[in-house]
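Position 1 is the first residue of the sequence; numbering continues from there.
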Amino acid sequence: MAHYFSEPSRTFGEYLLVPGYSSSECVPDRVSLKTPLVKYRKGQEDCPITMNIPMVSAIMQSVSGEKLAIALAKQGGVSFIYGSQSIESEADMVRRVKAYKKGFVTSDSNLPPHATLGDVLDLKTRTGHSTVAITDDGSAHGKLLGIVASRDYRLSRMSNELPVTEFMTPLAKLVTAPATTSLHDCNDIIWNNKINTLPLLDESGKLQYIVFRKDYDSHKENFNELLDANKSYVVGAGINTRDYAQRIPALVDAGVDVLCIDSSEGFSEWQARTVGWVRENYGDAVKVGAGNVVDKDGFLFLAKAGVDFVKIGIGGGSICITRETKGIGRGQATAVIEVAKARDEYYKETGVYVPICSDGGIVQDYHISLALAMGADFVMLGRYFARFDESPTNKLRVGGNYVKEYWGEGSNRARNWQRYDLGGAQKLGFEEGVDSYVPYAGPLADGVNTTLYKVRSTMCNCGALSIPELQEKARLTVVSSTSIVEGGSHDVILKNTPNT
């Protein structure tokens, strides 16, 4: 007969952390959120890739593009570029992230010399950028003719039909520098000349980068940024179990730091074959995670197959309807607790520490603290990151509020049938994800900093200054439905606040 688990599977919302003793040294600013991303022999070697924050972005079209990858790496985490696109386009995204130079911005607001003030205003509306490069062909790397900034025009006195050549600051009046100039020297030039932008040109006068005065302070603030040995940002990429023999070499050639099999269910021969191919062709040089699983057996299967980290979670994502359509899954908290125990047992037996990632089920910021306390090394987030400026989706105004589009990889919109591949027809048989909106939340840096301050504060309440210490000291309690209600505002009349 079927096996029945004796205990119900639970979600993060059914648990609370019980506070422990906090010393005077336990303050949020002293908490370290460093955590391993890939497997290593704990106590014998350093982890090949250690993140500075325990957050990675989901392998989704509506989440992980190149802009978000750069923004998250600046904060110390890793983005996994979505794999439900052509091999060439995914590799190009990875290549652009790796080629990104701190402080050196490739202009994405460009116009040709025959453009008008109206074109400048339309471009500003689309990009939000007030600095527009005028190049001979209107491209990011055309020959620079001038710059248009907001100070160059007055809408009340100028026609929208006025050509940009009539009011731009021409090249002859611009301060420029060679494309080989270091960032340190660029900043000196900016400050010494009291300018806001410094175009960098190659020998033929073509625009390569722009260095902005406003970026100087922000780069000083990115003390947690995650860099490889060449001082490029660390970036991951999603792969599938179908075209891996073609996709992986292209991603490796583009400079990807870590791969992850994007699949709704990882306890399968298809994943073992994919990981086996990686090990046969690249040994341990290429790092690859896999999943998703929800129990001990699934973890051990992937760990023995040779993966570098294991993702946990089936059906817990906000746009995922796998449980609803297939009746497959497990409560995220229960899954993390069991897999963490299996991870620790595997480490004691083999000396190899295989990090685990909690993927899905994060509704409130404090759920991240719970996931870490229960044993997760880091969390993968989709809805959370989809809300920010840097996600690749459109910002819209719906019902008087700003939102961003967010859709599941199992939706008809994504048509990512490979993620749900069971070896059959190459199509999406039915939907396992929905198409939706999420509330717009502004810049990624602001949101992540607020969230992680909450996590650090919670860790201090538990007397922990690191994630391993939290996992050692954490005390968790199951809460009743009544106490869940008690935990929010209740028995008061809330004041109305205006919509902004």
Side-chain angles (χ1 to χ4, degrees), residues 37 49 51-53 55-57 59 61 63-83 85 88-110 127-129 131 133 135 139-142 144 177-187 190 197-202 206-238 250-259 287 385 388-393 443-446 448:
L37 176 61
I49 306 177
M51 295 189 294
N52 293 324
I53 64 172
M55 302 172 81
V56 301
S57 67
I59 312 169
Q61 294 175 11
V63 178
S64 296
E66 59 197 83
K67 287 186 178 179
L68 192 130
I70 292 169
L72 184 52
K74 286 181 179 179
Q75 300 305 311
V78 173
S79 185
F80 285 86
I81 301 294
Y82 65 93
Q85 59 180 315
E88 293 75 17
S89 60
E90 185 181 14
D92 284 344
M93 280 192 176
V94 169
R95 193 172 287 109
R96 286 192 290 270
V97 175
K98 300 304 291 185
Y100 181 85
K101 298 169 70 175
K102 293 179 295 176
F104 296 86
V105 178
T106 299
S107 176
D108 59 1
S109 293
N110 312 284
T127 66
H129 300 155
T131 300
T135 59
S139 72
H141 299 299
L144 184 66
T180 55
T181 307
S182 70
L183 182 59
H184 179 273
D185 289 343
C186 285
N187 286 323
I190 287 173
T197 58
L198 177 66
L200 302 186
L201 312 179
D202 66 13
K206 291 185 176 181
L207 178 64
Q208 299 303 308
Y209 305 102
I210 300 178
V211 178
F212 292 92
R213 183 189 187 102
K214 64 181 176 61
D215 287 340
Y216 178 78
D217 290 335
S218 67
H219 289 301
K220 289 292 184 182
E221 293 170 1
N222 295 328
F223 56 89
N224 263 339
E225 60 188 1
L226 192 59
L227 305 172
D228 64 16
N230 296 318
K231 304 299 182 183
S232 296
Y233 285 125
V234 173
V235 63
L251 294 172
V252 170
D253 182 67
V256 74
D257 296 280
V258 58
L259 303 170
K287 308 302 180 184
F385 286 118
F388 297 130
D389 285 324
E390 294 85 353
S391 73
T393 62
L444 178 144
D446 293 346
V448 167

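- Exactly one residue among Glu225, Lys98, Lys74 makes a side chain to side chain donor-acceptor pair (under 3.5 Å) with Tyr233. That residue is Glu225.
- Once rounded to the nearest 0.5 Å, the distance linking CG of Leu68 with OG of Ser79 reads 5.0 Å.
- Contact detail for Pro443 and Asp389: the closest heavy-atom pair is N-OD2, 3.3 Å.
- His141 has its side chain within reach of Gln208: a pair of non-hydrogen atoms, C-beta onward, lies under 4.5 Å apart.
- Put simply, CG on Leu226 and CD1 on Ile49 are 8.0 Å apart, with the number rounded to the nearest 0.5 Å.
- Between atom OG of residue Ser107 and atom CZ of residue Phe212 there is a gap of 6.5 Å, rounded to the nearest 0.5 Å.
- Remark: Leu144 CG to Asp202 CG distance equals 10.5 Å, nearest 0.5 Å.
- The shortest distance between side-chain heavy atoms of Met55 and Gln75 does not fall below 4.5 Å.
- Contact detail for Ser57 and Val63: the closest heavy-atom pair is CB-CG1, 4.0 Å.
- In this structure a side-chain-to-backbone donor-acceptor pair under 3.5 Å is missing from Asn224 to Gly76.
- Judged by distance alone, with hydrogens and angles left aside, the side-chain atoms of Asn230 form no donor-acceptor pair with the main-chain N or O of Ser232 at under 3.5 Å.
- Taken to the nearest 0.5 Å, the CZ atom of Phe388 stands 12.0 Å off from the OG1 atom of Thr393.
- Residues satisfying the salt bridge (Lys or Arg N to Asp or Glu O under 4.0 Å) criterion with Arg96, sequence neighbours excluded, are Glu66.
- Here the shortest heavy-atom pairing between Leu251 and Gly238 reads CD1-O, 4.2 Å.
- Between the CG atom in Asp257 and the CG atom in Leu37 there is a gap of 9.0 Å [rounded to 0.5 Å].
- Qualifying salt bridge (Lys or Arg N to Asp or Glu O under 4.0 Å) partners for Lys67, counting only residues two or more places apart in sequence or in other chains: Asp108.
- Residues Leu444 and Glu390 come closest through the heavy atom pair N-OE1, 3.0 Å.
- Taking every heavy atom of both residues into account, Ile59 and Ile81 meet most closely at CG2-O, 3.9 Å.
- Applying the salt bridge (Lys or Arg N to Asp or Glu O under 4.0 Å) rule to Asp446 yields no partners; only residues at least two apart in sequence or on another chain are considered.
- At least one side-chain heavy atom of Met51 sits under 4.5 Å from a side-chain heavy atom of Val56.
- At least one side-chain heavy atom of Phe385 sits under 4.5 Å from a side-chain heavy atom of Val448.
- Proximity of Val105 to Tyr209: side-chain heavy atoms (C-beta onward) are nowhere separated by under 4.5 Å.
- Taking both residues in full, the closest heavy atoms of Gly65 and Met93 are given as CA-SD, 4.3 Å, listed atom of the first, atom of the second, then distance.
- Between Leu201 and Leu207 the shortest side-chain heavy-atom distance falls below 4.5 Å.
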